[in-house]
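Worksheet: the structure to be examined is printed underneath.
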Amino acid sequence: MNGLTRTNYCADTEGIGKTVVVGGYVQKIRDIGNLIFIDLRDRTGIVQLAFDDNTDRAVFEKARSCRGEFVLLARGVVRERESKNKELKTGDIEVFVDDLRILSKAQTPPFEILNDTNVNEELRLKYRYLDLRRNVLQNNIIIRSKIAKAARDYFADNGFIEIETPMMIKSTPEGARDYIVPSRIHNGSFYALPQSPQIYKQLLMIAGFDRYIQLARCFRDEDLRADRQPEFTQIDLEMSFVDVEDILSMAEGFIKYLFKTVLDADIPTPLPRMSYKDAMERYGTDKPDTRFGMEIQNMTDMVRDSEFVVFRSAIEAGGSVRAIVVPDAAAVYTRKEVDKLVDYAKGIGAKGLAYVRWADEEPNASFKKFFTHDEIASLLSGVGAKRGDIVLIVADKDSVTLPVLGALRLVTAKRMDMIPDGWNFLWITDFPFFEYNAETEHWDAMHHPFTMPKDECVQYLDSDPGKVIAKAYDLVLNGIELSSGSIRINDYELQQKMFESLGLTDEEIEAKFGFLVEAYKYGAAPHGGMGIGLDRLAMLMTGCDSLRDVTAFPKVQNASELMSQAPGKGDKAQLDELGIMITEK
RNA sequence: GGUCCGGUAGUUCAGUUGGUUAGAACGCCAGCCUGUCACGCUGGAGGUCGUGAGUUCGAGCCUCAUCCGGAUCGCCA
């Protein structure tokens with residue numbers, strides 16, 4: 001670059017008396033007449049460039065002409081500052097510049113490049129390359145890179161082979177909606193982008209690779225959330241000659257290594273476990289946040305004889321009455337706000353929400369007409385409530401009471417600010433194999449149809465599908481699902497039977513999974529694996545609450561990308577070639 | 001697809017019951033300033049009030065539609 005070669009990153013500049021060459025973006029200019037300071041920024045941080053009346057006039061004038069975000073290369077001697085800045089890593093030194101190159105001028109950016117920004121995210125995403133200049137965002141991306149490296153290192157050290165699987169594959173039924181890619185050669189046919197490399201990694205096990213890993217891009221055409229992007233990355237792995245325990249301990253080893261390497265945090269292993277059934281009954285969700293208590297309590301027996309029709313009819317219909325106690329909430333939740341909770345509960349499927357708001361001496365129960373003073377007192381002591389608490393009660397089928405209270409538990413805990421920091425990992429095990437779909441009146445696979453049922457459950461496949469437990473497991477961190485996996489069926493006859501239980505006809509099985517069933521006829525070791533969400537790991541490990549903050553070029557809620565404006569309309573020639581005609585929706 | 005929230009200088013926001021010329025801070029431009037680091041001082045430029053209809057003598061403000069972004073429910077084997 002015009003005879004100058006960079007010697008130091010900005011924040012790594014050191015050695016008083018040394019001549020250095022630094023390069024970066026102009027963060028800030030302070031022009032004090034015969035004295036100019038420029039804060040120069042690169043991905044490591046900031047160093048101050050200094051110019052004074054001993055500076056060559058041409059260099060001085062060049063410095064004066066600089067503006068924010070100009071790209072500079074500056075040579076100079078490192079010297080101690082006359083007045084130091086304790087806020088800055090390089091606050092004790094500055095570079096006294098004798099040669100300055102303006103490598104690139106820059107327009108005034110639409111927003112200032114500041115770590116602590118409150119600029120509208122929409123604008124930041126439109127100019128994502130400017131947003132990404134901010135050190136906080138760069139650090140997130142760097143941590144993400146370290147996570148990926150830790151994964152490759154750990155699994156390579158444990159004998160895993162990194163193998164790429166195709167991105168253009170055949171659409172698989174069930175599961176999420178596929179993104180599809182039209183084929184030019186096969187007019188009218190489409191590839192699908194993989195929702196995960198599931199089938200391919202099983203085939204790699206059949207091929208005998210024994211241990212596979214891939215940082216796999218996955219695609220799901222479903223609505224977005226803060227923790228859901230339509231394309232995302234999984235640390236995808238599969239192992240042969242294993243059962244559940246082998247995979248869990250391999251994954252635990254990785255988690256331990258990862259957190260030590262990237263965050264220098266010690267994660268005690270083995271990680272705690274909870275069955276799906278316990279998770280649902282105690283937390284109303286299959287991904288409980290166990291950083292705080294407030295578990296769901298079963299009040300059914302306490303109110304079994306009550307006259308209150310809401311409670312009684314729920315119980316008589318085979319349901320339950322359950323509650324959570326929100327400690328010290330009466331001071332925070334006014335009557336009006338409790339009403340909002342009632343609306344919220346109704347919005348997520350409850351018929352209603354009974355409550356006791358115990359602010360004053362006398363607890364105020366929404367159902368006090370139906371209970372005596374003593375009965376209410378005994379209910380309160382039964383659930384362990386004290387004065388100042390609010391008790392939220394739902395009476396319905398378990399499939400309503402549990403998830404509703406689980407959601408209320410999270411909402412109120414956030415509002416009460418009672419969720420401590422920490423790394424609370426939890427394995428959820430013993431998932432049901434089937435999930436009844438009331439709409440189609442079918443049993444669907446809860447995990448996926450290749451999941452191995454527990455040995456002792458195979459006998460219930462026909463008689464009582466709801467009773468079949470799968471060799472499937474999820475890893476949950478602070479209430480967010482990080483990972484999901486299972487042992488796969490490696491026996492083609494059993495696989496055939498599972499497909500039949502799912503209501504697939506022989507023709508459907510043959511058309512959709514024929515090659516997979518065929519493959520298992522040629523011998524397969526017991527195998528299983530999991531996919532760990534790299535994006536979510538990065539989000540949690542950087543303390544962010546959106547995947548957008550750990551993704552270089554994320555998509556927004558309607559799955560478009562604001563910088564490039566993707567997706568775009570296909571042009572006429574492209575569509576003609578593919579034989580595609582667009583109809584108005 | 002439903003519900004809710006938001007959209008006013010480049011940015012972040014304020015804008016009274018609908019009423020004269022829509023303000024502030026930061027940023028930007030120019031000048032001055034020898035130790036700044038949120039530099040300071042002086043002056044200046046900068047607005048399709050997301051868009052389109054409607055109500056009204058008069059709309060940033062009220063109504064409807066629509067676009068964009070976010071949260072949430074559905075959805076995500």
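Throughout, protein chains are lettered first and strands after them, A, B, ... in sequence-line order, and every chain is numbered starting at 1.
- Of the candidate nucleotides B:rA77, B:rG70, B:rG35, B:rG35 has the atom nearest to the side chain of A:S83.
- For the C1' atoms, the distance from B:rG43 to B:rC37 is 25 Å, rounded to whole Å.
- Mapping A:Q198 and A:S546 onto RNA chain B by nearest heavy atom places A:S546 closer to the 5' end of the strand.
- In the interface, the side chain of A:R228 is paired with the base of B:rC75 through a donor and an acceptor atom under 3.5 Å apart.
- Side-chain nitrogen and oxygen atoms of A:R548 include none within less than 4.0 Å of the OP1 or OP2 phosphate oxygen of B:rG69.
- Taking only side-chain nitrogens and oxygens, A:R30 comes nearer than 4.0 Å to OP1 or OP2 of B:rC39.
- Contact of the A:Y127 side chain with the A:M563 side chain is not registered, since no non-hydrogen atoms from C-beta on lie closer than 4.5 Å.
- Contacts of A:I32 with the nucleic acid, taken as non-hydrogen atoms under 4.0 Å apart, include base atoms.
- Residue A:G68 is the one, among A:D31 and A:G68, whose nearest nucleotide of RNA chain B lies closer to the 5' end (criterion: closest heavy atom).
- Side-chain N/O atoms of A:K84 include none lying less than 4.0 angstrom from OP1 or OP2 on B:rC37.
- Base pairing of B:rC26 is made with B:rG10, judged by Watson-Crick or G-U wobble geometry with both donor-acceptor distances under 3.5 Å.
- Note on A:L88: nothing from the nucleic acid sits closer than 4.0 angstrom, heavy atoms only.
- Residue contacts shown for A:E94 include a base, since a base heavy atom lies under 4.0 Å away.
- Nucleotide B:rG60: unpaired (no Watson-Crick or G-U wobble partner with both distances less than 3.5 Å).
- Nucleotide B:rU21: unpaired (no Watson-Crick or G-U wobble partner with both distances less than 3.5 Å).
- Atom CE of A:M498 is separated from atom C1' of B:rA77 by 13 Å (rounded to the nearest Å).
- Taking atom C1' on both nucleotides, B:rU21 is separated from B:rG2 by 45 Å, rounded to a whole Å.
- Not a single side-chain hydrogen bond (donor to acceptor under 3.5 Å, both in side chains) links A:Q495 to another residue, sequence neighbours left out.
- A:W443 and A:F434 have perpendicular rings, their planes meeting at more than 60° on a 0 to 90° scale where under 30° would count as parallel.
- Side-chain atoms of A:R81 and base atoms of B:rC37 include a donor and an acceptor less than 3.5 Å apart.
- With a 3.5 Å ceiling on both atom-pair distances, B:rA45 lacks any Watson-Crick or G-U wobble partner.
- Judged by Watson-Crick or G-U wobble contacts below 3.5 Å, the nucleotide B:rA71 has B:rU3 as its partner.
- Nucleotides B:rC49 and B:rA59 have their C1' atoms positioned 11 Å apart, rounded to a whole Å.
- Across the P atoms, B:rA22 and B:rG69 are found 31 Å apart, a figure rounded to whole Å.
- By the 4.0 Å N-to-carboxylate-O rule, A:E561 lies too far from A:R128 to be salt-bridged with it.
- Straight-line distance between the P atoms of B:rA77 and B:rA14: roughly 41 Å, to the nearest whole Å.
- Applying the Watson-Crick and G-U wobble criteria (two distances, each under 3.5 Å), B:rU66 pairs with B:rG50.
- Between the side chains of A:Q195 and A:D178, at least one donor N or O sits under 3.5 Å from an acceptor N or O.
- Counting non-hydrogen atoms under 4.0 angstrom, A:E82 reaches a base of the nucleic acid.
- Remark: A:R67 fails to qualify as a cation-pi partner of A:F70 under the 6.0 Å distance and 45° angle criteria applied to the six-membered ring.
- Partners of A:F450 according to the ring-ring contact (aromatic ring centres under 6.0 Å, His included) rule, which considers only residues two or more places apart in sequence or in another chain, are A:H448, A:F513.
- For the pair A:R409 and A:F292, the cation sits on the ring face: its NZ or CZ lies under 6.0 Å from the ring centre, inside 45° of the axis.
- Taking the P atoms as reference points, B:rU8 lies 15 Å from B:rC62, given to the whole Å.
- In this model, a side-chain donor or acceptor of A:R79 finds a partner on the base of B:rG35 within 3.5 Å.
- With a 4.5 Å cut-off on side-chain heavy atoms, A:I93 and A:E80 do not count as touching.
- With hydrogens and angles ignored, no donor-acceptor pair closer than 3.5 Å exists between the side chain of A:E222 and the base of B:rG74.
- Within the 4.0 angstrom heavy-atom criterion, base atoms lie near A:R225.
- Residue contacts shown for A:Q48 include a base, since a base heavy atom lies under 4.0 Å away.
- A:K28 has a side-chain polar atom (N or O) that falls below the 4.0 Å cut-off from OP1 or OP2 of B:rC39.
- Protein atom CD1 of A:I348 is 16 Å distant from nucleotide atom C1' of B:rC75, rounded to whole Å.
- Between B:rG46 and B:rG23, the distance separating the two C1' atoms is 14 Å to the nearest Å.
- Of the charged side-chain nitrogens involved, at least one lies within less than 4.0 Å of a carboxylate oxygen, so that A:R30 and A:D39 count as a salt-bridged pair.
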Once base and sugar-phosphate atoms are separated, protein heavy atoms under 4.0 Å mark nucleotides 7-14 of chain B, 5' to 3', with B, S and - as ---SSS--
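- Spacing between B:rC13 and B:rG7 at atom P, rounded to whole Å, works out to 9 Å.
- Residue contacts shown for A:A226 are limited to sugar-phosphate atoms, with no base heavy atom under 4.0 Å away.
- When heavy atoms are screened at a 4.0 angstrom cut-off, A:S560 is found touching the sugar-phosphate backbone but no base atom.
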